[in-house]
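The next block holds one structure in the form of structure tokens; read it before the comments.
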Amino acid sequence: MLFIRILSGRPLPRMALFSALALLWSLPILRSAGEMNDFRDAHVLTAYEYAAEKTLTSFGELPLWNPYYCGGMYLLGTPQSRYAAPPFGLSLALGAVSAQALIAFVMLLIGMEGFFRYVKHRTASALGPLLAAPTWTLSGFMATSYFRGWIGFFGFLLLPWILHGIDLAARGRYRGVLLCSTAYAFIVGFGGTYAAPMAALCSVLEIARLLFERRRSVPEVKRLVFFALITGLAAILLSSFRLYPIVETLYSAPRVMAGTPKNHPIELLQMLLGTAEPTPGKSRSAGCMFFGTLPLALAFSGLARRKGVIVAVLVALCFWIATGYSNRFGLFVFLRELPVYETLRYPERFLFLAVFYCAELAAFGVDRCLALRRVRRYARLAPHAAVLLTIIAVSAQIRNAYRVFDKLSLAPMPAEIDRDFHQARGNRWLLSYYAPMSRGSLSCWEAYPVSMSPLLKGNLLEEEYLLDPGKGEVTRRHWSPNRIDLEVRLHEGTRVLINQNWHQGWRSPLGKVVNHEGLLAVDLPAGEHRVSLRFRPKSAWVGGAVSLLTLLGLVWVGYRTSRGKMTSWKRQAMGIFAPPVLCGLLLGFSIDEPPPAPPEIRNADGKPALLEALPPDVDEIHVSFALPVRLLGYRISERTDALGILDVELFWRITGQVPRSVGVFVELKHQDDFTETAIHEVLSSSLFLDEAPRNAVIRDSFSVRLPDDQEGTFEAFAGLVHLTGGKARVQAFDDQGNPLPEDRVRLGDVTHE
Amino acid sequence: MALASLIGCILAALLLSVFSPRRSEHTPVDTANASPVIRGLLPEEQAFLEDARITFPGDRWSQNDHFHHQIRKWVRRASKASGLSVGALLCAIDEDIRNHPTVDRQSGATPCKPRPFYD
């Protein structure tokens with residue numbers, strides 16, 4: 001026990017213990033670092049890191065544009081890219097693929113130390129946080145994340161540093177502001193698409209907890225509120241180098257996340273307590289968050305402390321969020337109403353936060369064992385039992401991780417071919433093969449609708465060509481991800497097309513850069529021209545400058561306050577925020593750049609969703625509902641095609657607020673009473689009814705496939721339905737205001753053969 | 001001793017990463033061997049497209065994504081059967097598409113439009 005106390009009291013022995021545990025956990029993946037993770041998500045996420053690495057090492061350019069995917073995309077603005085964070089240094093040193101295991105090892109070490117420091121301030125001894133730290137960090141979620149190639153999810157391990165920073169700031173320790181905001185910027189730079197909003201939520205909960213603890217002291221509450229505000233603002237400004245590009249990207253391509261994901265509490269317990277049993281290349285939900293029963297036992301004993309009750313409430317809250325839409329009063333339902341959180345879809349990920357707070361409770365449990373030991377003779381061995389339980393628990397977690405890693409789907413590293421770049425048809429399921437062979441993949445998957453030109457081609461012999469080939473010729477002189485130099489000879493002015501997506505950050509000192517149906521293009525007059533296209537997006541420079549100045553401001557103010565100067569809160573705030581805000585505004589207004597393309601709202605079949613008026617060949621009807629929605633018309637095929645597919649178009653107008661829970665149904669009733677029903681809650685695959693533009697004509701285009709064994713004539717109907725509760729239909733009325741039978745409108749007959 | 005242990009663990013992790021056995025594909029400079037193999041893909045692509053249309057009626061991006069998923073399975077099977085690397089086969093497919101631009105091989109772009117729900 002003395003040995004354990006020494007470990008917990010001094011940083012170096014403690015870090016040595018944590019590093020040994022992290023090494024033990026990472027052994028299998030470190031040994032296989034020379035192979036590539038072949039899981040589908042790993043291909044895309046690793047390809048981003050590889051593109052950034054290749055741009056810097058092979059071309060000597062900042063990784064801003066990624067030509068290797070989706071016809072070209074803004075890499076800094078891609079939320080899931082993770083290169084804008086310190087671990088990128090390891091990718092540069094070892095290669096994007098080989099560095100992943102080492103990054104996992106380093107992040108585990110950071111996570112354990114962070115957890116220790118965060119919880120240490122709340123426990124009577126250091127033993128509890130020392131034992132609890134690995135139980136959180138080494139729990140199943142990190143193994144599952146590595147299995148799927150979600151290296152950015154290791155950013156979750158920075159959460160305790162954020163909360164520790166908030167705690168320090170609440171105590172008037174200025175370095176807490178720097179710590180919290182730096183850790184947050186790290187998460188954002190590291191591709192924290194879930195880690196960032198979830199850490200923000202935990203920060204709010206932490207501030208609420210601190211306010212509750214200090215509620216009797218007005219000066220302390222005031223100080224806490226002030227430091228919470230400057231910490232929050234500092235975190236946002238320090239993350240600008242990524243947030244600005246991401247916000248700009250998602251403005252043009254907003255993510256729509258529908259569905260009502262739900263998890264039964266028993267399923268969640270299976271995730272926490274069951275062991276992982278993946279198959280090669282496929283992980284299951286059971287055991288994906290493996291925590292184990294032994295740490296839970298310690299956590300229960302932590303409830304005896306008054307502070308433990310508050311933490312137990314936090315555990316319950318996170319567990320409740322993890323149930324998703326299991327019931328209409330789920331916290332996740334409420335969370336999805338908020339901006340940013342409306343795009344989240346896996347509520348079970350909040351279990352990792354529940355595990356975090358459970359581990360904190362386990363630390364309290366160890367405290368309880370130490371306290372009991374002092375007053376009860378029978379509890380003399382309680383701390384020893386706690387240590388033993390932790391050793392067994394952590395061993396189980398490491399074994400669980402080994403079970404997961406054993407089923408990693410690994411492939412040889414792709415070969416590199418240095419040759420002229422071309423776009424290719426590609427394949428996003430095998431994406432990692434393309435950039436190394438100097439090819440871009442037009443086959444594209446991302447979690448948001450990447451802006452892609454329909455004119456992109458994967459079979460060109462020349463990537464740069466004239467709109468009118470008879471007017472001259474174009475030759476490529478230089479190509480790199482952020483720079484394309486062309487020699488153009490024209491006997492008449494025309495447009496040069498480049499087989500990549502347009503982005504407002506592309507510039508040319510010669511001619512005019514234009515958006516040609518989503519394609520990058522340059523208008524040039526007649527003559528001989530040496531055109532040099534450069535990718536220099538304003539958001540990168542402005543965001544970068546704001547982040548840099550915020551960091552300098554934080555460091556400078558921290559230095560001044562440590563010297564006893566700049567004690568006024570107002571002066572501190574001015575010192576941190578004035579330079580970056582002013583500089584950001586100045587650069588923002590002085591750098592000339594076209595605005596980002598507005599979002600193009602299209603149906604899944606590619607047809608535009610928003611229309612000025614009803615098309616003339618559409619069957620017009622006037623159906624109203626007991627909600628501010630009107631069905632203006634429809635178009636439906638008279639018969640299914642050779643594959644049994646029926647195309648349907650409904651034309652809507654929304655004139656007021658519609659509950660989120662309302663969707664559209666189409667019913668196909670067979671002459672023999674068989675009914676095929678299709679329901680969707682998102683119009684045009686793009687718009688919730690409650691977010692649809694008011695008074696526009698909305699084309700909702702979709703298809704239904706009828707079963708092969710049900711030939712004959714179907715009657716087609718459509719209407720609106722509530723998707724939750726009793727799933728009742730919304731009352732429908734004809735143009736005279738009479739209720740329609742069964743609250744549905746008849747569209748016509750369809751023949752299916 | 002603690003410092004030595006810490007440095008030792010970090011060094012061990014670094015060395016394991018650096019010196020872990022590397023499995024690399026051979027540089028597929030010679031796609032001549034892969035070309036006869038990938039010729040078997042073209043007739044299958046029509047079946048893949050039809051299957052995609054049935055699985056995701058009316059959803060162009062999902063059809064395209066499903067099509068590529070089928071191609072991935074085909075390439076893996078072909079790689080196992082022929083002993084050629086996945087990279088070599090993909091390289092050969094790319095060359096075949098580029099050398100025969102008039103043949104419809106789905107080589108245009110289908111703008112990314114992920115489905116708004118997965119549950």
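By convention in this document, chain letters (A, B, ...) are assigned in the order of the sequence lines, proteins followed by strands, and residues within each chain are numbered from 1.
A disulfide is assigned to A:C70 and A:C444, since their SG atoms are nearer than 2.5 Å.
Taking the six-membered ring for Trp and the full ring otherwise, the centers of A:W429 and B:H68 sit at least 6.0 Å from each other.
Surrounding CD of A:E462 are at most 12 heavy atoms belonging to other residues, nucleotides or ligands under 6.0 Å away.
At a 4.5 Å heavy-atom cutoff, B:Q63 makes no contact with chain A through either its backbone or its side chain. Looking at B:F67, the atoms closer than 4.5 Å to chain A (heavy atoms on both sides) all sit in the side chain, from C-beta outward. B:L15 does not touch chain A: none of its heavy atoms, backbone or side chain, sits under 4.5 Å away. Contacts of A:Q100 with chain B are absent, with no heavy-atom separation under 4.5 Å from either backbone or side chain. Only the backbone of B:T110 has a heavy atom closer than 4.5 Å to any heavy atom of chain A.
Ranked by heavy-atom pairs shorter than 4.5 Å toward chain A, the options B:I10, B:V86, B:I71, B:V75 are led by B:V86. When each of B:D59, B:N99, B:I93, B:D65 is scored by its heavy-atom pairs under 4.5 Å with chain A, the top score falls to B:D65. Most heavy-atom pairs under 4.5 Å with chain A: of the set B:S62, B:P101, B:S17, this distinction falls to B:S17.
The two residues A:V682 and A:H680 come nearest to each other via the heavy atoms O-CD2, 3.3 Å.
For the pairing with A:I110, the side chain to side chain contact (heavy atoms under 4.5 Å, CB included) check across A:M107, A:E113, A:M112 returns one residue only, A:M107.
Using a cutoff of 4.0 Å between basic side-chain nitrogens and carboxylate oxygens, B:D96 and B:R105 are scored as salt-bridged.
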